[in-house]
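Labels below follow one simple rule: chain letters A, B, ... track the order of the sequence lines, proteins then strands, and each chain is numbered from 1.
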2 protein chains.
Amino acid sequence: MDIIEAKEQFIQAWGTLGSSWGISRTMAQIHALLLVSSEPLSADDIMEKLQISRGNTNMTVRELIDWGLVYKEIIVGERREFFVAEKDMWQVSRCILRERKKRELDPLKRVFDSLAQVSNNSQTKDNQDFIKLIKDIQTLSEGADTILNKLIKVEKNWFLESFLKLFSKKKKISKDKA
Amino acid sequence: MDIIEAKEQFIQAWGTLGSSWGISRTMAQIHALLLVSSEPLSADDIMEKLQISRGNTNMTVRELIDWGLVYKEIIVGERREFFVAEKDMWQVSRCILRERKKRELDPLKRVFDSLAQVSNNSQTKDNQDFIKLIKDIQTLSEGADTILNKLIKVEKNWFLESFLKLFSKKKKISKDKA
DNA sequence: CTAAACTTTCAAAAAAAAATGAAAGTTATT
DNA sequence: AATAACTTTCATTTTTTTTTGAAAGTTTAG
């Protein structure tokens, strides 16, 4: 497999993976295309390479900019806008984490904060169970929130060097196995 | 807000949240309904309470069972099957993490393992960058994999007591603030 | 100011995902 | 073995999400 082919496969694969990440195929493909392009691309370049419409290209690039995954780049003497992708994949991960947390976790917390205010005057077993369910979900979602916030803030090296080591400790092999 | 109302809101909210988690609204709603029911429910109970079709109910309950979120329960003297939800929310989180990892992270790793085998004979800057991109994505996805596997295995108390504390250390307030 | 170059919007079309329900399949009872 | 009670399947319909493209809007240059 040569590099050209590999890049095409990358764009295709990133697009497919995007769907399972709740990101539209086009959005993921544009992102991938910009990631593998050494030069900034114009809206027309993107349209042509991915065979998509102008409207779709414009809207999707805007969204990528909102996420912080793509930047506008001005080229002197050119009137058109050009776009480049954020190439630091740790930064990319942070953007994706932040946006997915915003979409997937924050609404959960909001809903349960309001649900937690349910009055608990009837003390049947059934109702106690419901109150506990709400509390449990809140505890866990706050835990998830704490972890995600930390991951979003943290430096790449801290993640790769300190944090990951917490998880990769080898299991001690006990003598009684021998 | 009384408990009945709160439960209905819970089912509704869990359904809506489900969509943003890549889970169909019905699947999340059935799950929520079973979570708030103290008694096991039959397929007919579910159909009636959520106003959905038999086919949909059956397929979705099967999927919830596959995920490990719902169990069949046999009631003596009843021919029909009854269903109950896993009530331990930590266990529920694990199931959801495991299934989402399977859907969202594992395919990523597979794709990039195959892309990593791209030949690197032409040593242009451009190609070096591409190779680096692939490597970076692999490093990060392996990191994510390690963390998720650990979280899926770990005990609830370890998560809430030891793990979370790593993240919630209070910032030292320095004197120059005063 | 005006035309050209480029960008944005949004109603309508297409595609993808989810739900329906009738028919086929199973299993337990008599 | 026949019937009744219940479950599963899947082609079709409905709903939701994504994309299109023509029209409207903006900005720059002369």
Side-chain angles (χ1 to χ4, degrees), chain A residues 11-12 14-34 40-67 70-83 99-100 103-104 107, chain B residues 11-12 14-34 40-67 70-84 99-100 103-104:
Chain A
I11 293 169
Q12 213 46 53
W14 203 244
T16 310
L17 289 165
S19 332
S20 76
W21 285 60
I23 287 159
S24 86
R25 197 168 43 82
T26 306
M27 184 165 164
Q29 282 184 335
I30 294 181
H31 184 220
L33 174 62
L34 290 170
L41 301 182
S42 69
D44 291 271
D45 294 335
I46 296 169
M47 282 168 66
E48 197 205 336
K49 296 223 182 179
L50 298 179
Q51 294 291 312
I52 56 176
S53 72
R54 183 173 298 285
N56 194 4
T57 303
N58 182 271
M59 305 249 275
T60 307
V61 168
R62 276 333 108 179
E63 207 177 346
L64 283 164
I65 291 173
D66 287 344
W67 281 47
V70 165
Y71 309 112
K72 278 188 199 179
E73 184 154 312
I74 281 139
I75 294 190
V76 288
E78 281 276 10
R79 179 129 167 230
R80 290 175 298 173
E81 291 177 326
F82 286 78
F83 305 101
E99 292 297 322
R100 294 194 74 184
R103 265 211 266 155
E104 302 184 14
Chain B
I11 293 169
Q12 213 46 52
W14 202 244
T16 309
L17 289 164
S19 331
S20 75
W21 284 60
I23 287 160
S24 86
R25 198 167 42 80
T26 305
M27 185 165 161
Q29 281 184 335
I30 294 181
H31 183 219
L33 174 62
L34 290 171
L41 301 182
S42 70
D44 291 270
D45 295 334
I46 296 170
M47 282 168 66
E48 198 205 337
K49 296 222 182 177
L50 298 178
Q51 293 291 311
I52 56 176
S53 72
R54 185 171 297 284
N56 193 5
T57 304
N58 183 271
M59 304 253 274
T60 307
V61 168
R62 272 338 105 178
E63 209 179 344
L64 284 165
I65 291 172
D66 287 344
W67 280 48
V70 165
Y71 309 112
K72 278 186 199 179
E73 185 154 313
I74 282 140
I75 294 189
V76 288
E78 281 276 9
R79 179 132 167 226
R80 293 173 297 174
E81 290 177 328
F82 286 78
F83 305 101
V84 292
E99 291 298 321
R100 295 193 73 184
R103 265 211 266 157
E104 302 184 14

* To do: Figure out the CE/C1' separation between B/Met47 and C/dG21, and round it to whole Å.
  => 9 Å

* Is the count of non-hydrogen atoms from other residues, nucleotides or ligands lying under 6.0 Å from A/Ile74 atom CD1 greater than 12? -> no

* Please state how far atom CG in A/Leu50 lies from atom C1' in D/dT18, giving the value in whole angstrom units. => 15 Å

* Look at all strands and tell whether B/Arg80 reaches a base, only sugar-phosphate, or nothing, counting heavy atoms closer than 4.0 Å. => sugar-phosphate

* Is the distance from OP1 or OP2 of D/dT19 to the nearest side-chain N or O of A/Ser24 less than 4.0 Å? -> yes

* Distance, rounded to the nearest Å, where A/Arg62 contributes CZ and C/dC6 contributes C1' -> 11 Å

* Residue B/Glu48 excluded, over 12 heavy atoms near CD under 6.0 Å -> no

* For atom CD of B/Gln51 and atom C1' of C/dG21, their distance in whole Å -> 15 Å

* **Side-chain donor/acceptor contact of A/Arg79 with base of D/dT27 under 3.5 Å** => yes

* Whole Å only: how far is the CD atom of A/Glu63 from the C1' atom of D/dT17? -> 12 Å

* Asked: How close or far is atom C1' of C/dA16 from atom CG of A/Asn56, stated in whole angstroms?
  -> 15 Å

* Asked: Does the side chain of A/Phe83 come within less than 4.5 Å of A/Leu33's, by heavy atoms?
  -> no

* To do: Check whether any side-chain heavy atom of B/Arg62 lies under 4.5 Å from a side-chain heavy atom of B/Ile65, and answer yes or no.
  => yes

* Is atom CZ of B/Arg25 surrounded by more than 12 heavy atoms (other residues, nucleotides or ligands) closer than 6.0 Å? -> no

* To do: Indicate, with a heavy-atom threshold strictly under 4.0 Å, whether A/Arg54 touches base, sugar-phosphate, or nothing.
  => base

* Asked: Closer than 4.0 Å, any side-chain N/O of B/Arg25 to the OP1 or OP2 of C/dA18?
  -> no

* Asked: How long is the line joining CD of B/Glu81 and P of C/dT26, in whole Å?
  -> 15 Å

* Asked: What is the distance from CD1 of A/Ile74 to P of C/dT7, rounded to the nearest Å?
  -> 11 Å

* Kindly say if A/Thr26 contacts the phosphate of D/dT18, meaning a side-chain N or O under 4.0 Å from OP1 or OP2. => no

* Nearest to side-chain heavy atoms of A/Asn58, which nucleotide of D/dT20, C/dT9, D/dT8 -> C/dT9

